[in-house]
Amino acid sequence: MRDTLQGLNSAQLEAVTATEGVIRVIAGAGSGKTRALTRRFAYLVNDLGMMPGNILCVTFTNKAAAEMRERIRLLTGDNDTGFINTFHGFCVTVLQEESYAVSYPKSFLVLDNGDIDEMLRIIYDERGLTLRDMTFSAARDMIEMQKLYKRPEYYLKLIDMSLEQLRREFDEAKSAEDAIFFGYLWQQKKCFGLDYNDLIKFTLYIFEHNEEIKLKWQKKLEYIMIDEFQDIDELQYRLMEALCGYHGNLFIVGDPDQTIYTWRGANVKFLMDLDRHFKKLRTVMMQENYRSTPEILAAANSLISKNRHRIKKELIPTLPSGKSVLAHSARDAESEAKWIAERIKELHEGGTELRDIAVLYRAHYVSRSIEQVFIESKLPYAIYSGVQFFARAEIKDALSYLRMAAFGDDLAFRRIVNVPKRNIGTSRMKLIEEYAAQNKCSLMEALRALADEPSFRGTGASKFIKLIDRFSKGQEGRPVSELLSAMLDESGYEQMLRTEGSQERLDNLAELKQSVFDFETSCGEETTLAHYLSHIALYTNTDMAERAGSVKLMTVHAAKGLEFKYVFLCGMNEGVFPSRKVDTMPGMEEERRLAFVAMTRAKERLFLSGAEGINIDGSPRYPSRFILDIDEGLIEYDEPPKDLLITAAKGYIARTERWLPQSAHEAAFAAGSRVRSAVLGEGTVLEIDEGRKAYLIAFDSLPTPRSISFRARIEPAD
């Protein structure tokens, strides 16, 4: 017990040893929450004798899950680390056991956005739709809205309706929206594919309709732990409620001040209002910070204290004093970038590694001037949140070869049947598709039937079929890493890249092989090809390999969970950070939380910068309210904004904050108010339409009134 609990502070010790009931840990940035989670797991196993297989530990990224798994393995000395996974990864595990309850096979596909786009491409081609009708991104959003909110019976349709019925709905659809929606359902059913929302919804559906299965999993999971609870959404919350309903042992860790994902469904109320749902809730406050200097924490505490809706707390420093938080107001964006480059060169010349430095910004476009100056200065940098590793063409191709061996699905077939070139182009693909449609079979089965036809002589069809069949039959009991290497070699794929001179793509394949091997090592002998493919489909951009020896450039969202010795937070201007898109008070508070997250990434020194000048619409570029939020004396300026600019900025901020609605559905103006639109000019609010959430405004420049949404950028005219 001494080893498990050694080195914990009083709050961490309380969290680790509170094993029974519902425990809420409010863990500030840098307070050691991962240590508390891993030690608690070890305490349950090593000291209380609990079985790892009866513990569920949920994180929000695959990278975090892998790191936690490794830490727990070192603490327990056991390769059995229970269920340490993301919500989606855990649901894959459940569905691989229980998919029969929704008439799905165990070998269902986990669909990523690339797969969905390929399905949409097929639907668009068949119905003569173009991206002018609806972009793929908009179509994905529409499908998600239809499934989750507008047509919740979707899951019954997908479970109960036959392929023929879904195809009929698709054929008879009158609108583009219906054609896309039912076409997608048909494509999903055809390959037994589930997208990310489906994984949770199908699991919930099984639990809600099969008490025996739900009780089985409830009894199995004696202890449930959830990290980053402030990022949980409604579906995940419902799943959590269902799982902890038998033993009642729930341990959640989160920080309301780091809720920055409401735009993708996260709702901090689940963390803040947990006591309303669980009456015997016990709350532990972890506020001691082991990451940042007192100077950084003082500025961050000062900033976040300006938010009204939060659980009050302050990060308590444990490190000795360091250097001041340094701020700079440049005359323009290029000067700001040059100032950042000069400070980084000074740090590097003083012995700091470039990889220990990060430049953070609110949105990608802010990096343009930074990149330009860095290139001119020959300062190496890497864009952290670029193309996802597992979204790169060569990685998708390699995984498609594995999918052909495991599933033989149409999406993988389309991707690699002619890569490398096998003389199976558009016209021959059309023949394959027509045969598959007429005979209600897969594209691979259609190719088998057509391979000896005159149209396919002189192609690589027969060799491709033999390749896939050989690996499909020989996959069982063979390591996935060995299977992947052999397929890439014998298919000619790697030779194609060598011929093209694509060394970077070959390096990426080498990295993929290494990741497969590492996965096998961590999971043991039970790793199957289907298991690996389900696992790899859940990866996100946070799993990217990093380039060493470079300054990291990234958005604040991408920096969540990371830390650096030195952080430059740039673009600190009104309309940039906070974003000009913010139109509600909750939205503004989320922006402030985002700035707080950015500031608390810094360990030794924090730099804040913005640029003066004129915006493209002719308005002055004001310093960010988030810099002005920090109490005087907590930051040092080497070049402060002009006094007149600060006065003007404070006036602008006061006006805009006064009229920010408390929610997206509240009117900020009463009838009779004089208002101003940046485009339409000044006008008078005639009516408020609460039903439509709109104003009727008579603009001075227009002959007739206009209906304007509450969400529009409207300011008081005074």
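Side chains of Asp227 and Met68 form a contact here, defined as non-hydrogen atoms less than 4.5 Å apart. Looking only at side-chain heavy atoms (C-beta outward), Phe456 and Arg428 come within less than 4.5 Å of each other. Residues Val417 and Leu443 fail the side-chain proximity criterion, which asks for heavy atoms closer than 4.5 Å. With contacts defined as side-chain heavy-atom distances shorter than 4.5 Å, the pair Lys190/Leu185 does not qualify. The shortest distance between side-chain heavy atoms of Met134 and Tyr124 falls below 4.5 Å. Phe170 places a side-chain heavy atom less than 4.5 Å from the side chain of Glu126. Residues Ile200 and Arg238 form no side-chain contact, since every pair of their non-hydrogen atoms from C-beta on lies 4.5 Å or further apart. Considering only heavy atoms from C-beta on, Leu215 stays 4.5 Å or farther from Phe207 through its side chain.
Between Arg121 and Glu118 there is a salt bridge, since at least one side-chain N of the basic residue sits less than 4.0 Å from a carboxylate O of the acidic one. A salt bridge links Lys147 with Asp195; the closest basic N to acidic carboxylate O contact falls under 4.0 Å. With respect to Glu208 and Lys214, no salt bridge is recorded, no charged nitrogen being found less than 4.0 Å from a carboxylate O. Ionic pairing of Lys106 and Glu97 is not present here: no N-O contact between side-chain nitrogen and carboxylate oxygen is shorter than 4.0 angstrom. Here Arg127 does not pair with Asp171 in a salt bridge; the nearest charged N to carboxylate O distance is not below 4.0 Å. Arg414 has a carboxylate O that lies under 4.0 Å from a charged side-chain N of Glu433, or vice versa, which qualifies the two as a salt bridge.
Using modelled atom types, one finds no donor on one side chain facing an acceptor on the other under 3.5 Å when comparing Tyr104 with Asp198. No hydrogens or angles considered: nothing links the side chains of Asn267 and Glu234 as a donor-acceptor pair under 3.5 Å. Side-chain contact of Asp410 with Gln187: a donor-acceptor pair under 3.5 Å is absent, judged by distance alone.
Annotation: salt bridge (Lys or Arg N to Asp or Glu O under 4.0 Å) contacts of Glu98 (sequence neighbours excluded): Lys216.
Taking the six-membered ring wherever Trp is involved, the centroid distance between the rings of Phe108 and Phe407 does not fall below 6.0 Å. Proximity of the aromatic rings of Trp217 and Phe90 is defined here by a centroid distance below 6.0 angstrom, and this criterion is met.
Between Phe270 and Tyr237, the ring-plane angle classifies as parallel under the 30° and 60° cut-offs.
Among Asp117, Asp397, Asp115, the single residue meeting the salt bridge (Lys or Arg N to Asp or Glu O under 4.0 Å) criterion with Arg415 is Asp397.
Around atom CD of Glu482, more than 12 heavy atoms belonging to other residues, nucleotides or ligands sit under 6.0 Å away. Counting non-hydrogen atoms of neighbouring residues, nucleotides and ligands closer than 6.0 angstrom, the OH atom of Tyr246 reaches no more than 12 such neighbours.
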Which is it for Ile159 and Tyr205 under the side chain to side chain contact (heavy atoms under 4.5 Å, CB included) test, yes or no, and what are the steps along the way? CA-CA 10 Å; Ile159 293 166; Tyr205 178 89; 3.5 Å; yes

Verdict with supporting geometry, Arg470 and Glu490, side chain to side chain contact (heavy atoms under 4.5 Å, CB included): CA-CA 11 Å; Arg470 186 166 68 256; Glu490 294 181 35; 2.5 Å; yes

Would Leu109 and Gln188 count as a side chain to side chain contact (heavy atoms under 4.5 Å, CB included) if you check the C-alpha gap in whole Å, the side-chain angles of each, and the deciding distance to 0.1 Å? CA-CA 9 Å; Leu109 280 175; Gln188 269 197 284; over 6 Å; no

